[in-house]
Every structure is written in C-alpha cells, then in structure tokens.
Asker: 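Quick one: structure below, then a few questions.
Read the numbers this way: they start at 1 and go in the same order the structure lists the ligands and their atoms.
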Amino acid sequence: MIVEQLSLVDFRNYAVADVALVAGPNVFVGRNGQGKTNLAEAIAFFATLGSHRVSNDAPMVRDGADAAIVRARLRHGERTVLLEAQVNRQGTNKARVNGAQVKPSELPRYAQVVLFAPEDLQIVRGDPSSRRRFADQLLVQRAPRLAGVLADYDRVLKQRSALLKSARARGIRGDSLSTLDVWDDKLVSLGSELIRARMSLAADLQGPLSAAYAAIAGADHRPELEWALSISGGDPEEDVTSASGAPGTRSVEEQFREALAAKRASELERGLTLVGPHRDDLVLRVRGLPVKGYASHGESWSVALSLRLASAELLRAESRLGDPVLILDDVFAELDADRRARLASLAGDYEQVVVTAAVDADVPSALRARVVRVEAGRIIEETDA
Ligand SMILES: Nc1ncnc2c1ncn2[C@@H]1O[C@H](COP(=O)(O)OP(=O)(O)OP(=O)(O)O)[C@@H](O)[C@H]1O
Ligand SMILES: [Mg+2]
C-alpha cells in the first residue's frame with residue numbers, strides 16, 4: 001500500500017497541514033524539533049492506534065486543542081481508501097473509513113506501516129515489557145483478531161490479580177480459593193493462545209531477522225530471538241538468567257496449569273499473577289550472547305533496525321494489502337556509508353518508504369527522489385533535490 005495524501009489538524013505541532021506523498025521514497029528534511037517525527041507518528045497511528053513515543057494519546061493532540069484529526073488517502077493497487085482518526089485528549093477516539101464511522105480498531109485492517117525510530121533501541125535495551133509490546137503490536141498487524149485476545153487476557157489478568165490481592169487482604173491461603181479456578185481457566189485458555197501466537201511469530205521472524213541483520217551489518221553475527229516463558233519455570237520478568245525456552249513435549253496449557261499450581265502460594269503472598277504471557281520475555285542474542293547487557297551500541301542498533309525490517313518483510317509476505325509503508329525516522333545519520341547504501345537498497349525495494357533526516361546529505365541519493373521540507377509545523381514542498 002501507499003499513502004497518497006496525509007492531512008493533519010491539531011496534531012502535535014501542526015495546526016493544519018497537508019502533504020502529498022508518492023510511491024517509492026519520500027524524504028522529510030528539517031532541523032531538530034520541526035515536526036518530522038510527528039509526521040511519521042501520524043502515519044503509523046493508523047497501523048498501531050497509538051504513538052511509538054508515548055503510551056497515552058494526549059501528547060499527540062496539539063497544545064490547547066481538544067482533539068487531533070489525522071486523515072490519509074491510501075492506495076492498495078487500484079483501490080483507494082480514506083481513513084480518518086480523531087484522537088481525543090479525553091475520552092475514546094473516533095474513526096472513519098470512506099466517511100463511515102467505524103471502531104478505531106478497524107483502521108489497522110486497511111493500513112500496514114512499519115516504523116523504525118531511535119526509540120526502538122528500547123526494544124533491545126529496555127525491560128521485557130518493551131519487547132512484549134513490540135511482539136504484540138506485530139501480532140495484531142499480522143492478525144487483527146488477536147487485538148481482542150490481548151484485551152481479553154489483560155482484563156482476566158486484572159480481575160484475577162484483584163482477586164489474589166483481596167484474598168491476601170482477607171488472609172485466605174492455599175487451595176481454599178475456588179473462584180480462582182474459574183479465572184485460571186480463562187487465563188490459561190487466552191494466555192496459551194497468545195503464547196502460541198508469539199512463538200510462531202518468533203519462529204517466522206528468525207529468517208527475515210538474520211537476513212536483515214546481515215544486510216545492515218554486512219556480517220553474520222547470528223542474531224537470534226527466542227521466548228523465555230514464565231510457564232517453563234524461570235521468571236523472565238525478574239531474572240534474565242532463568243530464561244528458559246520453548247515448552248517441551250507437554251502442551252502449553254498443561255505447562256501453564258502446572259506453573260500456576262506451583263506458584264499459587266507465592267501468588268497469594270504477593271497478590272500478583274506470576275506466570276503467563278505478561279511475564280515472558282523475547283530474548284535477543286547476537287554471537288550467542290544476550291543483546292541486553294552484552295551487545296555494543298552498534299550491534300544493539302542493528303538488531304533493533306533489523307527487527308523492524310524483518311517485521312516489514314513478514315507483513316509484506318503475508319499481507320493482502322501489499323507492502324507495508326516503511327518509515328525510517330532519523331536512521332541514516334547513525335550509519336556509516338556502507339550501511340547507508342545497504343539500507344537504501346533494501347528500503348528502495350518497498351512500494352513506499354518515508355525517511356526523515358535533519359540533514360538531507362545523510363540520506364543516500366537513491367532515496368532522494370522527492371524531498372519535503374518541514375519547518376515549525378509547516379510543510380514546504382520541494383519538487384526535486
Ligand atoms: N501536543 C503538542 N502540541 C504542540 N507542539 C508539540 C506537541 N507535541 C510535540 N510538539 C512539538 O513538536 C516538536 C517536535 O517535533 P518532532 O519530534 O516531529 O521533531 P523532529 O523534526 O522529528 O526533530 P528531530 O530532528 O529532533 O527528531 C517539538 O518542538 C515539540 O515541542
Ligand atoms: Mg525526530
């Protein structure tokens with residue numbers, strides 16, 4: 001797919017802005033703090049229904065306004081579709097497809113976007129929650145249906161944990177808690193579905209990840225990704241070294257139940273659900289060592305970028321929407337000349353690429369067919385560069 005037209009009202013530092021985009025590469029150039037990343041964020045919103053920089057929506061609404069509007073005309077082959085999102089400072093957001101109101105959760109069915117931004121270093125360096133968020137976002141892009149499973153799991157988790165807390169407060173211990181069993185069933189059934197989906201995601205990403213890493217780094221440092229599952233014994237949330245891999249021959253459900261039984265006493269003690277996908281970690285390795293804590297800055301950067309490129313490859317291979325729009329925010333300044341050239345040839349292969357840079361000379365000339373200047377929340381067209 002490609003974005004043909006993007007219009008913003010009261011989004012970040014844009015009061016009103018309109019920009020036409022072309023198939024192939026589009027470069028947004030401007031000095032720091034002018035609004036380049038804001039444009040990238042607006043496009044990606046349709047695919048992820050959120051910001052890659054903040055967990056709540058309010059910062060996306062222009063200071064002083066109550067709501068931001070983002071509109072995009074997308075083209076999938078011969079067909080175009082008009083998406084609109086209204087991001088409210090308070091209350092729920094609204095969405096339209098071709099003028100008709102829909103649930104915001106419908107938008108990602110029309111828009112696939114993969115955004116790489118400097119913030120993605122957090123995926124490899126941050127807490128397990130950053131990696132779970134990365135994986136779950138991709139899961140939903142791959143199969144929008146899973147958004148519902150994730151939301152249901154979250155709700156069950158909250159209710160089960162609330163029950164554990166109140167049991168703790170009332171001093172109930174051990175197996176005397178029969179209502180917990182009901183929640184265990186739901187937790188295990190939803191959680192197992194997520195665990196399986198995440199494991200096949202990791203398996204399917206491995207090939208594209210190796211290819212992308214080799215293409216970026218120009219060397220094979222054997223990047224690997226593997227889920228450390230809390231149902232397999234250890235606690236990836238609290239202890240990286242306890243990371244244990246795939247469940248053995250027993251089913252995910254069986255293992256989940258056993259782990260819950262084993263942890264029940266400490267769950268009641270702590271008032272927390274201690275096993276399940278919300279405690280798992282996607283362990284990343286290069287040269288056989290965990291990226292987090294071991295890899296160099298350049299290696300970490302290459303892994304983060306490769307994860308996004310691999311995501312784009314996966315979506316492109318599976319999606320009926322064609323290629324996802326690939327957005328590379330501020331990436332070229334970080335790379336040496338060889339890596340720039342390799343990334344440019346990889347990215348140039350997508351139906352549409354959006355690149356942002358503070359200095360246009362940092363962007364390989366092959367990608368500079370169309371350059372748009374961004375200045376203080378205004379878009380200034382430049383037809384050739
Ligand atoms: N809700 C908002 N209302 C008004 N202005 C905002 C809002 N959110 C962010 N901004 C402004 O937008 C600007 C940042 O824009 P953006 O992150 O797109 O910059 P950039 O061009 O990508 O810069 P850099 O090259 O440093 O990455 C900042 O000046 C910030 O103050
Ligand atoms: Mg930026």
Asker: Parallel, tilted or perpendicular: which describes the rings of W301 and F116, with under 30° parallel and over 60° perpendicular?
Answerer: perpendicular

Asker: Do L121 and V331 share a hydrophobic cluster (ILVMFWY, side-chain heavy atoms under 4.5 Å, transitive)?
Answerer: yes

Asker: Do we get R62 above Y14's six-membered ring, with its NZ or CZ under 6.0 Å from the centre and within 45° of the axis?
Answerer: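 Relative to the ring axis of Y14, which defines the angle, R62 lies outside at least one limit.
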
Asker: I need the L314 CG to L209 CG distance, nearest 0.5 Å.
Answerer: 11.0 Å

Asker: Counting only heavy atoms not in Q101 (residues, nucleotides, ligands), do more than 12 fall under 6.0 Å from its CD?
Answerer: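 Yes - once you tally the heavy atoms of other residues, nucleotides and ligands closer than 6.0 Å, there are more than 12.
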
Asker: Give a yes/no answer: is there an N/O/S atom of T356 under 2.8 Å from the Mg ion (ligand 2)?
Answerer: no

Asker: Please output the residues near ligand 1 using a strict heavy-atom distance under 4.0 Å, listed in chain and residue-number order.
Answerer: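 Correct list: R12, N13, R31, N32, G33, Q34, G35, K36, T37, N38, R53, P59, V61, R62, D63, D330.
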
Asker: Are I2 and L21 packed together at the side-chain level, in the sense that at least one heavy-atom pair is separated by less than 4.5 angstrom?
Answerer: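 They are not in side-chain contact.
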
